[in-house]
**Q** 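Supplied in structure tokens, the structure appears directly below.
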Amino acid sequence: MTDDQEDPGALASARTSDEPAAGSAAPEPDTGTPAAKAKKKKSFGRELLTIVVAAAILTLLVKAFVIQVYRIPSASMENTLQIGDRVLVNKVVYHFRGIARGDVVVFSGQDSWGPDAPPPSGNPVVRVFDDVLSGLGLHSDQTYYIKRVIGLPGDHVACCTDGKVTVDGVPLDEGQYLFPGNPPSTFKFNATVPAGHLWVMGDHRSDSDDSRYHPGDPGGGAIPENQVVGRAFLIIWPPSQLRDLPIPTTFQQAALHAGAAGAAEINVGGPALAVGFLATPVLLLRRRRRH
């Protein structure tokens with residue numbers, strides 16, 4: 001054999017056993033061994049833990065800043081809300097529009113009806129821990145109420161003219177939401193809502209401790225706007241009660257929207273509409289089942 005001739009045997013011996021021949025498939029990794037299975041299981045567990053933690057953080061953030069569920073503890077809002085109902089409360093809506101007459105709101109009794117929250121702990125670590133839990137909606141020393149807004153700052157609210165509550169002299173037709181058989185009020189009242197405050201009342205007027213019963217408290221019975229947590233807009237539990245909580249038509253009277261307070265009510269947008277769009281499919285499904 002001459003020097004310029006290739007030896008096939010030399011080529012064959014130069015190829016190692018670990019290298020696949022040209023055009024042949026590379027060997028697949030062995031996934032059936034115990035070590036491979038353990039590695040795959042560990043990877044899946046890590047991914048699952050990441051998803052759970054992310055979901056928990058997202059839930060806490062939504063609860064702290066956007067929407068929170070509240071349970072109805074009393075009969076003061078019957079028949080609109082029953083004891084044990086769960087409602088969704090929109091915490092951001094009032095950053096984009098003013099509080100409106102007819103809104104159902106959740107608010108703290110701080111600086112009005114009470115009881116006021118106890119003073120913060122003297123221990124800075126405990127105080128920071130309490131602040132964090134409170135911010136996430138996991139703990140609170142405050143007492144919360146749920147009522148319907150009747151009067152805005154500057155409104156003159158009174159009862160009764162021809163058996164009706166009036167706001168700035170405009171009578172309210174409250175049959176749409178009052179507890180059946182209840183009068184608008186069992187006694188007379190006459191008040192002007194202070195600046196920065198709201199006049200609120202329960203729909204079950206004969207069983208509601210509301211603005212009428214707190215004339216001696218700060219605000220003369222009205223509650224501070226800055227203590228409002230948000231607007232209750234949807235009943236989510238029990239399923240038989242699933243429905244939205246719109247503003248009753250009596251509060252849409254043109255005479256009530258003549259002033260600056262009325263103009264503030266009409267400016268609705270941002271997250272309020274977004275939340276409404278999210279709730280629409282559920283409400284449509286509920287109404288379809290009824291028909």
Side-chain angles (χ1 to χ4, degrees), residues 76-78 80-81 93-114 144-179 181-233 245-268:
S76 69
M77 283 295 293
E78 291 179 342
T80 303
L81 301 172
V93 61
Y94 296 134
H95 294 289
F96 296 87
R97 75 160 171 92
I99 298 173
R101 302 183 190 93
D103 279 351
V104 176
V105 297
V106 171
F107 59 94
S108 167
Q110 187 78 19
D111 301 327
S112 59
W113 304 353
Y144 293 95
Y145 302 86
I146 184 166
K147 304 291 180 185
R148 189 181 299 278
V149 177
I150 303 297
L152 299 176
D155 282 352
H156 175 228
V157 291
C159 190
C160 298
T161 301
D162 297 327
K164 295 183 177 181
V165 170
T166 60
V167 178
D168 288 343
V170 180
L172 300 179
D173 184 2
E174 300 187 283
Q176 185 178 350
Y177 54 86
L178 277 189
F179 186 85
N182 270 196
S185 181
T186 55
F187 58 91
K188 295 181 179 181
F189 59 87
N190 192 322
T192 298
V193 184
H197 287 69
L198 305 166
W199 186 271
V200 296
M201 299 171 71
D203 290 353
H204 193 173
R205 298 287 163 80
S206 297
D207 194 14
S208 175
D209 181 16
D210 50 42
S211 290
R212 299 170 295 166
Y213 293 91
H214 296 271
D217 289 340
I223 60 105
E225 285 184 291
N226 61 10
Q227 292 299 333
V228 172
V229 174
R231 176 177 181 254
F233 69 96
L245 296 169
I247 296 176
T249 54
T250 190
F251 294 100
Q252 306 302 324
Q253 299 179 72
L256 290 175
H257 297 271
E265 296 179 31
I266 303 174
N267 182 22
V268 182

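When a residue number appears, it is its place in the shown sequence, counting from 1.
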**Q** Please tell me whether Q176 and T249 have a donor and an acceptor in their side chains that are separated by less than 3.5 angstrom.
**A** yes
**Q** Please name the pair of heavy atoms, one in M77 and one in I146, separated by the smallest distance, quoted to 0.1 Å.
**A**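 So the minimum-distance heavy-atom pair works out to CG-O, 3.6 Å.
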**Q** List the atom of P248, the atom of Y177, and the distance in Å for their closest heavy-atom pair.
**A**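 Nearest heavy atoms, P248 then Y177: CG-CD2, 3.5 Å.
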**Q** State which residues pass side-chain hydrogen bond (donor to acceptor under 3.5 Å, both in side chains) with D217; sequence neighbours excluded, sorted by chain then number.
**A** H214
**Q** Show the nearest heavy-atom pair for residues T250 and L172, with the distance to one decimal.
**A**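 Scanning both residues, the minimum pair turns out to be OG1-CA, 3.5 Å.
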**Q** For T80, give me all partners under side-chain hydrogen bond (donor to acceptor under 3.5 Å, both in side chains), at least two apart in sequence or on another chain.
**A**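 For T80 the side-chain hydrogen bond (donor to acceptor under 3.5 Å, both in side chains) partners, ignoring immediate neighbours, are D203.
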**Q** Can I get a per-line list of side-chain donor-acceptor pairs under 3.5 Å for residues 182-200, giving both atom names and the distance, sequence neighbours left out?
**A**
| from | atom 1 | to | atom 2 | distance (Å) |
| --- | --- | --- | --- | --- |
| N182 | OD1 | R205 | N | 3.0 |
| N182 | OD1 | S206 | N | 3.0 |
| N182 | ND2 | S206 | OG | 3.3 |
| S185 | OG | F187 | N | 3.3 |
| S185 | OG | F187 | O | 2.7 |
| S185 | OG | R212 | NH1 | 3.1 |
| N190 | OD1 | H156 | NE2 | 2.5 |
| H197 | ND1 | A195 | O | 2.9 |

**Q** Taking the inter-plane angle between the rings of Y145 and F107 on a 0 to 90° scale, is it parallel (under 30°), tilted (30 to 60°) or perpendicular (over 60°)?
**A** parallel
**Q** Under 3.5 Å, is there a donor-acceptor pair between the side chain of S208 and the main chain of G202?
**A**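 Pair found, side chain donor or acceptor close to backbone of G202.
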**Q** What do the steps show when you test S76 against D207 for side-chain contact (heavy atoms from CB on, under 4.5 Å), and what is the final call?
**A** CA-CA 5 Å; S76 69; D207 194 14; 5.9 Å; no
**Q** With a 4.5 Å heavy-atom cut-off, do Y94 and V105 have their side chains touching?
**A** yes
**Q** Stepwise, does the salt bridge (Lys or Arg N to Asp or Glu O under 4.0 Å) test hold for D155 with R101?
**A** CA-CA 10 Å; D155 282 352; R101 302 183 190 93; 2.8 Å; yes
**Q** With sequence neighbours excluded, tell me which residues meet side-chain hydrogen bond (donor to acceptor under 3.5 Å, both in side chains) with Y213.
**A**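 If we apply the side-chain hydrogen bond (donor to acceptor under 3.5 Å, both in side chains) test to Y213, skipping adjacent residues, there are no hits.
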**Q** Side chains of residues 219-232: which donor-acceptor partners sit under 3.5 Å, not counting sequence neighbours?
**A**
| from | atom 1 | to | atom 2 | distance (Å) |
| --- | --- | --- | --- | --- |
| R231 | NE | D103 | OD1 | 3.1 |
| R231 | NH2 | L245 | O | 2.8 |

**Q** Taking the side chain as everything from C-beta on, heavy atoms only, tell me whether D111 gets closer than 4.5 Å to P218.
**A**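 No. Closest side-chain heavy atoms not under 4.5 Å.
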**Q** Can you tell me which residue among I150, V170, D173, V167 is in a side chain to side chain contact (heavy atoms under 4.5 Å, CB included) with F251?
**A** I150
**Q** Kindly write out the residues that satisfy side-chain hydrogen bond (donor to acceptor under 3.5 Å, both in side chains) with Q252, not counting sequence neighbours, or none if the list is empty.
**A** none
